[in-house]
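Working notes, structure below.
No experiment lies behind these values; they were computed from the predicted model shown. Residue numbers start from 1 in every chain, and the chains themselves are labelled A, B, ... in the order their sequence lines are given, proteins ahead of strands.
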Amino acid sequence: MPELPEVETTRKGVASLLTSRRLEAVDVRESRLRWPVTLPAELPGQVLLGLDRRAKYLLFRFQRGTLILHLGMSGSLRVLPAEAPYLKHDHVIFHFEGGRTLRFHDPRRFGSLHWQAGEPVAAGEHWLLAHLGPEPFDPAFDGRYLKSRARGRRVAVKNFLMDSRIVVGVGNIYANEALFLAGVRPSLPAGRVSRAGYDVLAGKIREVLGAAIDMGGTTLRDFVNQDGNPGYFKQVLNVYDRAGQACRVCGETLKGLRLGGRATVFCPKCQKAQGFRRA
DNA sequence: ACTGGCTCCTGAGGGC
DNA sequence: TGCCCTCAGGAGCCAG
């Protein structure tokens, strides 16, 4: 399940292999993704100018438009020689000049592909991207911002942080981890988290995402990096998937619950209602 | 304006 | 060994 670090790792890898290459053909082998895939006839023949990212969307900048790709839950991209055999669930194949192919592989088909015509910068106007909040590494994302957006909100702070209109790129794993490191209880209504709590939270979100990006992304079951090698954990996860086990800090048994339908784990001792551990 | 629940889908994992 | 059941999860959508 690609989280922001996996998407960023994929972006770097694919960009290094395909930037400045001309796309010769696109083979849509399965169009039933999250939304039906419809790509324009004008796409083949264009040169890939660069690869950007907004939230977990990858933005392939072509000469006359932008291809907007989301990996969904189980999606991955690989760059392979044209003659390499296709795998089951290789849904879209992009044939680039020089015999390289980009393959979008997505067993669960929660991923998506859209085309936004026009100058590359116009991709931000696409409806998928229009209402996204700031990137975690945007200077505008800080405790003051979070506190201002949280005023009056009764939704659990964990779900608040996972709302892409508030801040993008904070998936379930990192929401759990950041809340643990900040000492904030996930179920606390967003409006009741203190300004100090949000100051620490903003920093911890950047910390856990940044560390994972630096290491090339943590990985769970489905992630395959762009070279086709299985991913692996490098970052120690303190709470995610550890319900019932001992807190690494205090030894207390970690508790699991569901918030907004998502698996949530926290330490009852380290994560007090209002408080936060020293940064 | 918010909120919580639903939806898409396949493969992994547990129980027997 | 194999079958069946449950469930996970990003994020848009929608009803209340």
Results of side chain to side chain donor-acceptor pair (under 3.5 Å) for A:Arg262 - residues two or more places apart only:
none
Excluding sequence neighbours, so at least two apart, what forms salt bridge (charged side-chain N to carboxylate O under 4.0 Å, His left out) with A:Arg258?
none
Between P on B:dT10 and CZ on A:Arg34, what's the gap in Å once rounded to a whole number?
15 Å
So, does A:Tyr240 get its side chain near the phosphate of C:dA8, meaning an N or O under 4.0 Å from OP1 or OP2?
no
Residue A:Lys56, side-chain heavy atoms: nucleotide from C:dG10, C:dC13, B:dG11 that is nearest:
C:dG10
Between CZ of A:Arg108 and P of C:dG10 the distance, given in whole Å, is 10 Å
Provide, to the nearest angstrom, the distance between the CG atom belonging to A:Leu33 and the C1' atom belonging to C:dA11.
15 Å
Stacking between A:Phe110 and the base of C:dG10 (centre distance under 5.5 Å, interplanar angle under 30°)?
yes
Roughly how many Å is it from CE in A:Met73 to P in C:dC7, rounded to a whole number?
16 Å
Measure from CZ on A:Arg54 to P on C:dG10 and round the result to the nearest Å.
18 Å
So which nucleotide from C:dG10, B:dT10, C:dG12 ends up closest to the side chain of A:Tyr57?
C:dG12
Over how many whole Å does the gap from A:Leu87 atom CG to B:dT10 atom P extend?
16 Å
If we ignore angles and hydrogens, is there a donor and acceptor under 3.5 Å between the side chains of A:Ser187 and A:Arg185?
no
Any A:Arg109 side-chain nitrogen or oxygen under 4.0 Å from OP1 or OP2 of B:dT10:
yes
Please report the distance, rounded to the nearest Å, between CG in A:Asp241 and P in C:dC7.
16 Å
Taking the side chain as C-beta and beyond, is there a heavy-atom pair between A:Phe62 and A:Leu48 under 4.5 Å?
yes
Are more than 12 heavy atoms, taken from residues, nucleotides or ligands other than A:Arg154, located less than 6.0 Å from that residue's CZ atom?
no
Going by heavy atoms in the side chains, are A:Leu201 and A:Val157 under 4.5 Å from each other?
yes
State whether the number of non-hydrogen atoms from other residues, nucleotides or ligands found under 6.0 Å of A:Arg144 atom CZ is greater than 12.
no
Integer-rounded Å distance: C:dG10 P and A:Leu69 CG
16 Å
Contact class for A:Arg32 vs. all strands (heavy atom < 4.0 Å): base, sugar-phosphate, or nothing?
nothing
Between the protein and nucleotides 2-5 of chain B, are there any N/O to N/O pairs under 3.5 Å, and if so, what are the atom names and distances?
residue, atom, partner, partner atom, Å
B:dT3, OP1, A:Arg154, N, 2.4
B:dT3, OP1, A:Val155, N, 3.1
B:dT3, OP2, A:Arg153, NE, 2.4
B:dT3, OP2, A:Arg153, NH2, 2.8

Classify the side chain of A:Arg262 and the base of C:dG10 as holding, or not holding, a donor-acceptor pair under 3.5 Å.
yes
Can you find a side chain N or O atom of A:His89 that sits less than 4.0 Å from OP1 or OP2 on B:dG11?
yes
